[in-house]
Amino acid sequence: GFDNVVEMPTPILTPEVAAALDAGRPVVALESTIISHGLPRPRNHEAALEFEQLLRDRDVVPATIAVLDGVPRIGLDADGVRRIADDDLAKASVRDLPILAALGGSGATTVAATARLAALAGIRVFATGGLGGVHRGASSTFDESADLSVLAENPVTVVSAGVKSVLDIPATLERLETLSIPVVGYGTREFPAFWLRESGYQLDWQVSGAAQIAAIMRARDELGARQGIVVANPIPLAQQWDPSEHDRVLAEAFAAADAAGVRGKAVTPFLLGYIVDASGGRSLEVNLDLARNNVKVAAEIAHAWSALSR
Amino acid sequence: GFDNVVEMPTPILTPEVAAALDAGRPVVALESTIISHGLPRPRNHEAALEFEQLLRDRDVVPATIAVLDGVPRIGLDADGVRRIADDDLAKASVRDLPILAALGGSGATTVAATARLAALAGIRVFATGGLGGVHRGASSTFDESADLSVLAENPVTVVSAGVKSVLDIPATLERLETLSIPVVGYGTREFPAFWLRESGYQLDWQVSGAAQIAAIMRARDELGARQGIVVANPIPLAQQWDPSEHDRVLAEAFAAADAAGVRGKAVTPFLLGYIVDASGGRSLEVNLDLARNNVKVAAEIAHAWSALSR
Amino acid sequence: GFDNVVEMPTPILTPEVAAALDAGRPVVALESTIISHGLPRPRNHEAALEFEQLLRDRDVVPATIAVLDGVPRIGLDADGVRRIADDDLAKASVRDLPILAALGGSGATTVAATARLAALAGIRVFATGGLGGVHRGASSTFDESADLSVLAENPVTVVSAGVKSVLDIPATLERLETLSIPVVGYGTREFPAFWLRESGYQLDWQVSGAAQIAAIMRARDELGARQGIVVANPIPLAQQWDPSEHDRVLAEAFAAADAAGVRGKAVTPFLLGYIVDASGGRSLEVNLDLARNNVKVAAEIAHAWSALSR
Ligand SMILES: [Mn+2]
Ligand SMILES: [Mn+2]
Ligand SMILES: [Mn+2]
């Protein structure tokens, strides 16, 4: 028939995650591409463990998500965490999930796939580093992250430090508006640019705390909305990348891409690789700090949501 | 769980609207941004009352929609109508609804938010002035109204005088096609351009009356479609803006925007403000006339729908 | 109310198709625009009968789809097949379906409308020639086929020979990614370009047979996905158009369109007409060969799906 939504979806939850969800206790989803592709070994394994510990320290159950041997896993055991850090996993977006499941493959889930699997499992809060978006040059390449379209139909609140400045930030904000995805600044009216607190683009809404976000989530449900919610959470001022250094390295990166004749889809990975190298590790430290900051805010939201929805 | 569509959505219907819907009697939704942002005070209050009266005179229950103090209202009392005319309300699109609800804010609903709330309430016919669309320059700005994507998934028949000529009309028609939203000309094969009967762009379908539209609505339901229906209803010839005056003022407006260095999202509001000023009030009269004309056609469709679906 | 999906949709299935679906036996949907608009008379009638016979020879029930006199038909009788070949039918996309139904009109269904009606009827495998996509110049015209957005929300596996090289192939592949539609190469890692086995663009996934595709379909259902699946099935090497001749004719076609001042939506039909004429019938033979090849692969997938889902 036409309605293919099954009652017992494939993903397997750890007993800890399943018990927390059943009891309405706080759970936060974590993605695995930041571990597999965003950070170097062995630093990435430490980070995966640290993000989970940050949540446990706050009485929140972590649900790191990945596909292992064809099974979407909601929550990983110690070996699973090791595998997303040590194995050479491909990135898995939403459209890769049925293929990996059918072929028995493994993959590190992107923001899109993590949000989708979290939604399937009933997890409502998700902490990541930065959101995917519209790539520079997308008017000719059409390169737009599935993160946006997946958030348009999955009820997950994603805490991110905005969008990397290598992407087209104003176009990304426009696409979020077209897709009716709410974007709220966490203690700010300005959309952050990942490594930096400020992108130069203003938001319509600022919230002052987790309780407000939980109330927005409840109103969203009452209104029968399909969309998730983007919480734009800037890195603390003391931890942000020095803006002038950021601007210099970014300009160098664009010039290097141009000089190397890099085009189309290859541009963004080239820029990100260049930035890590040229910043002497500084961009990675900032990346870790903003991710930690997002995990902490997600923990607060998960508590507020648990209190409101129980 | 994953299915968050609640059985008793937040919006509050007036007893009059609720009774009419229960009995299958004709109801037409009206938006509030045309009142709060589209017309000057106190003319806007008179217009809001007049649009409602036009419906009542035709035995149709008006349901003017707005968010007041956090509550989406389907149908307004006298004080509510006064507030959308007199208060300084922000525009509320679909993504603002849960935020306003959570924070207790107020907002005038756009075409998108009005269509969404009408659909939630079970109202199937909606009269507005002009539909939002793809903005000129959207290939670089990505500025596309949420009106289109919201109509792609809410079963509301929107009667409009097409799309303002300051937008990118052919791109808007393409987007409507890509999103599988039916567009029918009401007594015309040509898509209208708001102030003008003709945009230069042809439609695939022309309907000759309200009964045909009601039959399309029923077929749409039988086919399990998600999309709404756009009824393109040109202003009567005697009331349209003089085309040569329109073209002259529009050209001046674009030149003024260029000279003032207006860019991106700021262009459309600049153009609309310029046009109102430069036309010496003529564009406002046309705006009122086409809105009245849309309300009358919507009343006919609501009667035909009531007869067919009861 | 808000949920307008009816239990008994309008489309009428032939007894043969209905019985096969009830019993879980293999069924493959076929579109009608390839017959009405893609092939010349009387060759098109022979092709329609041949595609059906290819399926019957493989113990698969064909379900050629069209709208006749307002009724969406899932499976055609002999007179229906004759009509899609001989009558001057308009193309019917998804948004035309309720209009044709209400007005009693007839239309040949596009990939989008065929996929939608197949999904409504519970048919899960569909063979076509080429998929619609993003048109060249779409960054300014916004001309993108509804095929893509319809496949984003209908659970049909479409077997095609990729996308015609007159379209913007890389942009089409990006849009499929943004919409989370899985694309798998059938025995190839390279996306085909309709008349040619190779487009120059690589796929993330290659499958080696129908059983793998059926397994992906089952995983898709278990994951509650809305998307269909694109199976990119290149024409056999011996049957493809000679690449150098293809490139020469295509370059001539673009030059002719430019010289004739053809713009916007008119470009693709102009190019396709030019190519048929300039190739001396060779492009049509290739078109028939790739369509036959897609029908045969679809038959295998329908058998594998029947075995897996029964
Ligand atoms: Mn991409
Ligand atoms: Mn906009
Ligand atoms: Mn098109």
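Throughout, protein chains are lettered first and strands after them, A, B, ... in sequence-line order, and every chain is numbered starting at 1.
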With a 4.5 angstrom heavy-atom cut-off, is it the side chain or the backbone of [X] that approaches chain B, or both, or neither?
{"X": "A/Ile123", "answer": "neither"}
{"X": "A/Arg226", "answer": "side chain"}
{"X": "A/Val134", "answer": "side chain"}

| field | 4.5 Å side-chain heavy-atom contact, A/Leu223 and B/Pro11 | value |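 Yes. Closest side-chain heavy atoms under 4.5 Å.
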| message | If you define the side chain from C-beta out and look only at heavy atoms, does anything of A/Glu177 sit under 4.5 Å from B/Lys265? | response |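 Yes. Closest side-chain heavy atoms under 4.5 Å.
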| query | Roughly how far, to the nearest 0.5 Å, is CD of A/Gln227 from CG of B/Leu97? | reply |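 Between atom CG of B/Leu97 and atom CD of A/Gln227 there are 10.0 Å.
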| query | CD/A/Gln206 to CG/B/Leu103 distance, rounded to the nearest 0.5 angstrom? | reply |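 Spacing of CD (A/Gln206) from CG (B/Leu103) equals 11.0 Å.
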| Sorted by number, residues from residues 137-145 of chain B in contact with chain A (heavy atoms, under 4.5 Å) |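 Answer by number: B/Ser139, B/Ser140, B/Thr141, B/Phe142, B/Asp143, B/Glu144, B/Ser145.
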| Largest heavy-atom contact set with chain A, pairs under 4.5 Å, which of B/Ala101, B/Ala146, B/Gly132 |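 Ranked by contacts with chain A, first place is B/Ala146.
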| field | Shortest non-hydrogen contact from A/Gln212 toward B/Ala102 | value |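 Heavy-atom minimum between the residues: O-CB, 4.5 Å.
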| task | Mind listing the closest non-hydrogen atom pair of A/Ile181 and B/Arg95 along with its distance? | result |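 Taking every non-hydrogen atom into account, O-NH1, 2.9 Å.
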| request: Against chain A, label B/Leu117 side chain, backbone, both or neither, depending on which of its atoms sit under 4.5 Å from a heavy atom there. | output: side chain
| Counting only heavy atoms not in A/Tyr201, do more than 12 sit closer than 6.0 Å to its OH atom? | no
| field | Donor-acceptor contact present, side-chain B/Ser149 to main-chain A/Leu179, <3.5 Å | value |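 No; zero donor-acceptor contacts below 3.5 Å.
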